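None of these values were measured; they are calculated from a predicted model. Chain identifiers are assigned alphabetically (A, B, ...) following the order of the sequence lines, protein sequences preceding nucleic acid strands; residue numbering begins at 1 within each chain.
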4 protein chains.
Amino acid sequence: MKNNDTNEHRVRQRRKEARPAELIAAALDLFVERGFAATKLVDVAARAGVSKGTLYLYFADKEVLFLEVIKQGLMPVVVEGEAMLGPHSGDSASLLRGLILRWWTLVNGTKLGGIPKLIISEAGNFPEVAQYFVENITRRVDALLGKVLQSGIEKGEFRKVDIASVIELVGAPILMRSIWECSMATSCRGGKADSERYIHTHIDLLLKGLSAGD
Amino acid sequence: MKNNDTNEHRVRQRRKEARPAELIAAALDLFVERGFAATKLVDVAARAGVSKGTLYLYFADKEVLFLEVIKQGLMPVVVEGEAMLGPHSGDSASLLRGLILRWWTLVNGTKLGGIPKLIISEAGNFPEVAQYFVENITRRVDALLGKVLQSGIEKGEFRKVDIASVIELVGAPILMRSIWECSMATSCRGGKADSERYIHTHIDLLLKGLSAGD
Amino acid sequence: MKNNDTNEHRVRQRRKEARPAELIAAALDLFVERGFAATKLVDVAARAGVSKGTLYLYFADKEVLFLEVIKQGLMPVVVEGEAMLGPHSGDSASLLRGLILRWWTLVNGTKLGGIPKLIISEAGNFPEVAQYFVENITRRVDALLGKVLQSGIEKGEFRKVDIASVIELVGAPILMRSIWECSMATSCRGGKADSERYIHTHIDLLLKGLSAGD
Amino acid sequence: MKNNDTNEHRVRQRRKEARPAELIAAALDLFVERGFAATKLVDVAARAGVSKGTLYLYFADKEVLFLEVIKQGLMPVVVEGEAMLGPHSGDSASLLRGLILRWWTLVNGTKLGGIPKLIISEAGNFPEVAQYFVENITRRVDALLGKVLQSGIEKGEFRKVDIASVIELVGAPILMRSIWECSMATSCRGGKADSERYIHTHIDLLLKGLSAGD
DNA sequence: CATGAATGAGCTTTCATTCAT
DNA sequence: AATGAATGAAAGCTCATTCAT
């Protein structure tokens, strides 16, 4: 009995602690699918398996929920970004390939592409969010890629290219794909190149395009 | 007096005929900036210099306006797309370069990137729109690029690559840029590579990556 | 036809101009009857013969409406207050009697007593309102009465009394009655002294109480 | 341990028995300060140092709590009223003075004025409450005062005045003050006559006004 | 044709109330 | 007994849409 009580208490406690994450997950799904304004909080709550009112026990209002969705959604990217910065060895080409593949693994097939989509869609209404994204994610990834490219050029592995441009060119195909994927989740999805082939073609073309040797 | 009346009538007539286009332009701006749901029709009307009621003389409701915005916004792309399909000569590389540059000229610095942004943002709520876009724009551009790549490979100019992937890789940087630009219109815009350098680096890297010769 | 048009337009115009006042009147009634928080805006709108939405064409939100009700409700009092300050002659007693009777005429049987009731009820939630009332109404009336009492004392007509106290004592019975009347509007109303007798007994007692001669 | 338990039990018991009163006190404060509708039960519970749920162990719902607040708040007045009715001697003037002073002592500086304020504010929504108040308090006090005045007149001490009116005139300044004081608790409080002077001026004026001799 | 006052469905948010722990 | 997480009815407010002028 006592045991049971404790168990049940634990269950409740666990739910209470899990709720915010569950709600955020539900909200992410719907915000990405329908956009911020078109998402009804009742639906978010329902998808998380709770009632409207419960949502307000954890988030002050819709905007706070949105911000939290972004923040929580960005966290794994930041964490992984830190990891990418870790020790690496070998030539710049393998380094670059490694980074791209890690990034790809992170977003491909996951809902993570939803975050950029969300930010792009709502940047007009939430400039702070866009700003935060740029300053914390974009800039860091850019710096990382910039370093790799720079050293590749210095070592004579890569041609002398405009680094700023290449940084964008490395990321664009990855972002574009994941954004597209998220947008088309419900509707037409066909006609696109196979995921594996896609990323490897990207890397292949990129490295060949960058290579100094010919 | 009569004369004046006629003049006014003419002006009115002109305005009257221009109205739909003006309203669509205003709507495009706002839809792109704020999203479909967050855009108020009063604001659209105001931006077009007319009253709320007038809008309804030309568009049955908000959704029709949205569809019209997409349709009209896509038109130039389709037209230009047709032009791209016209007679072309020379090697596949120059052909590809030409196509990319034409595309770039079309979107760079214009509000045209707003259309893809809009479609991406609203695809979840308007699957027909997304479908229409894919079937009429994406597919056609893809077919065109596919032909060029195919012939380039056949002529031995390009390496044997996965054409479907490369098609996407050609477009992603162009789309990504224009979408991003539109999103950040109001907020932070800095930190990006110079536009001219960007597109030429893209072409440069791409062609080098594709080139069979080494 | 044209004539008709103009007429109808006039009617519309007239309504548009009358609306705020109508809404304020309806709101005053209900705020006084039920209190601010317990009054539903739908009911206010309904009582004014319009729909919920219309209310928002004229007042930004419930609080603004409340403030406007107070402001408009106080205006006649202020105006009448100014009038009271006008030229007056005769002995202090008749002067005081005149002022009390004018004040009484203003509030007795009208909804004007609702304003003090409202302010008393909501002072806790709208301190600015209470402050405004004190500073603009109470203080002015107090000053006026103070002057009359002062001069009455100086002329030897009135006994030497504590003026500040008497000022309150002059007003309390008037305020109390009108507040009570408003509160009991719907429920029990019986058992109270006749209105005419009441005010004259007040004046009678007061003047006799003040009079220096005996 | 056991001992401790017993102690805790006793404390608990004491608290348990005090709970309703504590909750009522907390509720009175808040109802007076903010009004019935604008008072949240969580806040009442919090002010009483218990949780929301506990409140429901003692009161069926918000309205019951309100009624209880009124009932409990009225009790001291009733009790004191009874006391006032007790044996009294001397002339009518001292009798009246005594009653007024006792009443004043009861309400001046205490939160007791809150009850009338509450009743006035909520009479529209709780006619039964108003009715109860009138029938049990007002009527009794009125009867008491009436008797004193009547006998004063009969004994030739007081002039022949309209008793019903005078009854109200005796109470109005006392009620008005205590109500005002409660309303302004949080906001502006200045500008009022000194409490002692106020009540004595009231008595002074009243008795002089009533006195038959001149 | 153009206007903008009016409407009311729909969404966000609050809070009295319940009930598992 | 006491708690506070959960609920959902209800109220404030917005805005697409209508229609008299």
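- Looking at D:L74 and D:Y132, their side chains come closer than 4.5 Å, going by heavy atoms from C-beta outward.
- Listed for the D:K62 side chain is no donor-acceptor partner under 3.5 Å among the backbone atoms of D:L41.
- At a threshold of 4.5 Å between non-hydrogen side-chain atoms, the residues C:L28 and C:I115 count as touching.
- Between D:R19 and F:dA1, a side-chain N or O to OP1/OP2 separation shorter than 4.0 Å is absent.
- Using bins of under 30°, 30° to 60° and over 60° for the plane-to-plane angle, the ring pair B:F36/B:F31 lands in the tilted bin.
- In this structure, B:K117 contributes its side chain and B:V32 its backbone to a donor-acceptor pair below 3.5 Å.
- Side-chain N or O atoms of B:T39 include one that pairs as donor or acceptor with a backbone N or O of B:L30 at under 3.5 Å.
- Of the residues in residues 56-65 of chain C, those with a non-hydrogen atom less than 4.0 angstrom from any atom of DNA chain E are C:L57, C:Y58.
- Under 3.5 Å, the side chain of A:K52 and the base of E:dT13 form at least one donor-acceptor pair of N or O atoms.
- For the pair B:K40 and C:F36, nearest-nucleotide mapping onto DNA chain F gives the more 5' position to C:F36.
- Computed from coordinates, the C:L55 CG to E:dA5 C1' distance equals 14 Å when rounded to whole Å.
- Straight-line distance from the CD atom of B:E22 to the C1' atom of E:dA2: 14 Å, rounded to whole Å.
- A straight line from CG of B:D43 to P of F:dC15 spans 9 Å, rounded to a whole angstrom.
- The side chain of C:T54 contributes no N or O atom lying less than 4.0 Å from OP1 or OP2 of E:dA5.
- Each of B:G53 and A:T39 lies near DNA chain E, and the nucleotide nearest B:G53 is the one positioned closer to the 5' end.
- Look at CD on C:E17: it is 15 Å from P on E:dG4, rounded to the nearest Å.
- A:T54 places no side-chain N or O within donor-acceptor distance of the main-chain N or O of A:V50, the cut-off being under 3.5 Å.
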Self-check item: Bracket notation of DNA chain E in which parentheses pair within the strand, [ ] cross earlier pairs, and | pairs with another strand (Watson-Crick or G-U, under 3.5 Å)
Solution: .||||||||||||||||||||
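- Between C:F66 and C:F59, the gap from one ring centroid to the other reaches at least 6.0 Å.
- With a 4.5 Å cut-off on side-chain heavy atoms, C:I120 and D:I120 do not count as touching.
- B:L23 places its CG atom 11 Å from the P atom of E:dT3, with the value rounded to the nearest Å.
- Proximity of A:S51 to the phosphate of F:dT7: a side-chain N or O atom is located under 4.0 Å from OP1 or OP2.
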